[in-house]
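First the structure, in the form of structure tokens, and then the observations on it.
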Protein chains: 2
Amino acid sequence: MAILLLILKWLEWKYVIISNRLEIYIGAIALIFTLLGIWLAKKLTKPKTLVIEKEVVKEVEVLKEIDVVREIEVIKEVYINENASTEINKAEIEKLGLSNREMEVLQLMSTGLSNQEIADKLFLSLPTIKTHTGNIFIKLDVKRRTQAVEKAKRLNIIT
Amino acid sequence: MAILLLILKWLEWKYVIISNRLEIYIGAIALIFTLLGIWLAKKLTKPKTLVIEKEVVKEVEVLKEIDVVREIEVIKEVYINENASTEINKAEIEKLGLSNREMEVLQLMSTGLSNQEIADKLFLSLPTIKTHTGNIFIKLDVKRRTQAVEKAKRLNIIT
DNA sequence: TGCAAAATCAGACTAAAGTATGAAGGTTTA
DNA sequence: TAAACCTTCATACTTTAGTCTGATTTTGCA
């Protein structure tokens with residue numbers, strides 16, 4: 001802003017010198033403030049994305065040997081912040097119930113380290129890492145480390 | 001643009017009348033073009049692409065000795081910005097000397113499938129997949145599948 | 001047509017991953 | 001304080017991954 005005011009003052013002075021070139025002066029101001037507008041728009045707008053969520057819930061409840069089937073369809077239209085997708089989803093971590101240590105192991109796992117290498121890095125024993133990885137798989141509902149990493153990245157709980 | 005030129009002409013005329021209020025004139029132009037810039041920035045932002053994601057979740061909950069089975073199908077229609085970095089780097093594939101089959105295996109590997117599952121999917125034997133994965137590791141200069149997937153994604157040779 | 005690379009498969013082996021169970025010490029919280 | 005959870009470690013086991021050697025068949029290309 002200060003710089004822009006200085007430029008304006010300079011242009012004003014120039015105007016006094018070449019008083020017959022008003023158009024140039026106006027043009028310069030127009031250009032500067034157009035660029036300022038573009039810059040402002042890029043800086044200040046939080047890019048939002050429309051997400052349409054359709055959720056079909058089927059419930060099968062067995063009551064006294066009789067199947068009770070329930071179908072619920074929920075449609076949601078939500079505007080979400082696009083920037084959020086690049087941030088780590090702490091709510092998701094909370095929801096999955098992953099502990100700090102587990103997140104640490106998961107993060108190292110995603111870099112392609114073996115259990116032994118993770119153990120060395122964290123100064124822990126191999127069985128400990130195996131316990132952690134096992135718990136991670138249960139919480140992420142996967143069977144292998146490759147699936148765990150894939151899902152974790154998809155859910156934005158690791159970088 | 002034509003409208004804006006008209007506004008400028010009008011402002012120019014106004015300047016002749018109230019020549020001693022240059023600041024107001026400049027301010028008006030600044031404001032108009034700032035808004036123009038914001039409008040331009042919003043109009044010229046990257047085109048967005050529609051992506052449809054489907055996810056099927058099965059839940060089995062035991063409530064009061066009754067099994068409650070829930071099938072949840074989540075369909076997400078997400079508008080995302082097209083990004084050049086999401087393009088597959090074919091030059092890198094060529095450089096690494098990865099064959100078509102190897103790329104196919106690598107792609108499936110990245111989804112978290114086991115060798116056996118990849119074999120089933122491609123109608124090949126387990127030893128064949130092991131041969132391919134081994135060759136992939138050599139060409140990517142890695143030791144494990146997790147590292148292979150990590151590197152492949154980093155090099156943009158798989159999605 | 002013949003050669004090189006790609007693709008396929010096999011057997012046997014080692015290494016690593018993953019499962020299951022148990023246990024002990026520490027922290028947090030109702 | 002007790003319950004719940006986190007963290008750590010151990011042992012024993014099964015499964016999967018990865019390595020090595022060797023072989024046959026297909027295929028693209030000079």
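Below, chain A is the first sequence line, B the second, and so on; all start at residue 1. Just the heavy atoms: all of them, side chains too, but no hydrogens, waters or symmetry mates, feed the values below.
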Contact state string [nucleotides 6-21 of chain C, B base, S sugar-phosphate only, - no protein heavy atom under 4.0 Å]: -SBBB------BBS--
Nearest heavy atoms of A/Thr111 and B/Gln147, plus distance in Å: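 For A/Thr111 and B/Gln147, the tightest heavy-atom pair comes out as O-CG, 4.3 Å.
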Closest approach of A/Ile158 to A/Val149 (non-hydrogen atoms, all atoms of both residues):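 Residues A/Ile158 and A/Val149, closest heavy atoms: CD1-O, 4.3 Å.
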Pair A/Glu104, A/Asn100: side-chain N/O donor-acceptor within cut-off below 3.5 Å: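 A/Glu104 vs A/Asn100: no donor-acceptor pair found between side chains.
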Detail all sub-3.5 Å separations between protein N/O atoms and N/O atoms belonging to nucleotides 23-30 of chain D.
none

Co-membership, hydrophobic cluster, residues B/Ile32 and A/Leu35, 4.5 Å side-chain: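 As far as the 4.5 Å side-chain criterion goes, A/Leu35 and B/Ile32 are not connected within one cluster.
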Path from A/Phe33 to A/Trp39 over hydrophobic side-chain contacts below 4.5 Å: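 A/Phe33 and A/Trp39: one cluster.
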B/Arg145 and B/Glu150 ion-paired at < 4.0 Å: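 No.
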Lys/Arg N to Asp/Glu carboxylate O, A/Arg154 vs A/Glu92, below 4.0 Å: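 A/Glu92 and A/Arg154: not salt-bridged.
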Whole-Å distance separating the CD1 atom of A/Ile118 from the P atom of D/dC9: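 Interatomic distance, CD1 of A/Ile118 to P of D/dC9: 14 Å.
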Atom pair distance, as rounded to whole Å: CD1 in B/Ile138 and P in D/dA17: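 It is 18 Å, rounded to the nearest whole Å.
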Qualifying residue, where the test is side chain to side chain contact (heavy atoms under 4.5 Å, CB included) with A/Leu98 and the options are A/Val105, A/Ile93, A/Asn135: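 Among A/Val105, A/Ile93, A/Asn135, the one meeting side chain to side chain contact (heavy atoms under 4.5 Å, CB included) with A/Leu98 is A/Ile93.
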Interatomic spacing from CG in A/Leu36 to CD1 in B/Ile38 - rounded to 0.5 Å: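 It is 8.0 Å, given to the nearest 0.5 Å.
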A/Met109 vs A/Glu117 side-chain heavy atoms within contact, under 4.5 Å: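 A side-chain contact is absent here, since even the closest heavy-atom pair is not under 4.5 Å.
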Helical bend (five base pairs per end, nearest 10°) for the helix from C/dT1-D/dA30 to C/dA30-D/dT1: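 Answer for the end axes of this duplex: 60°.
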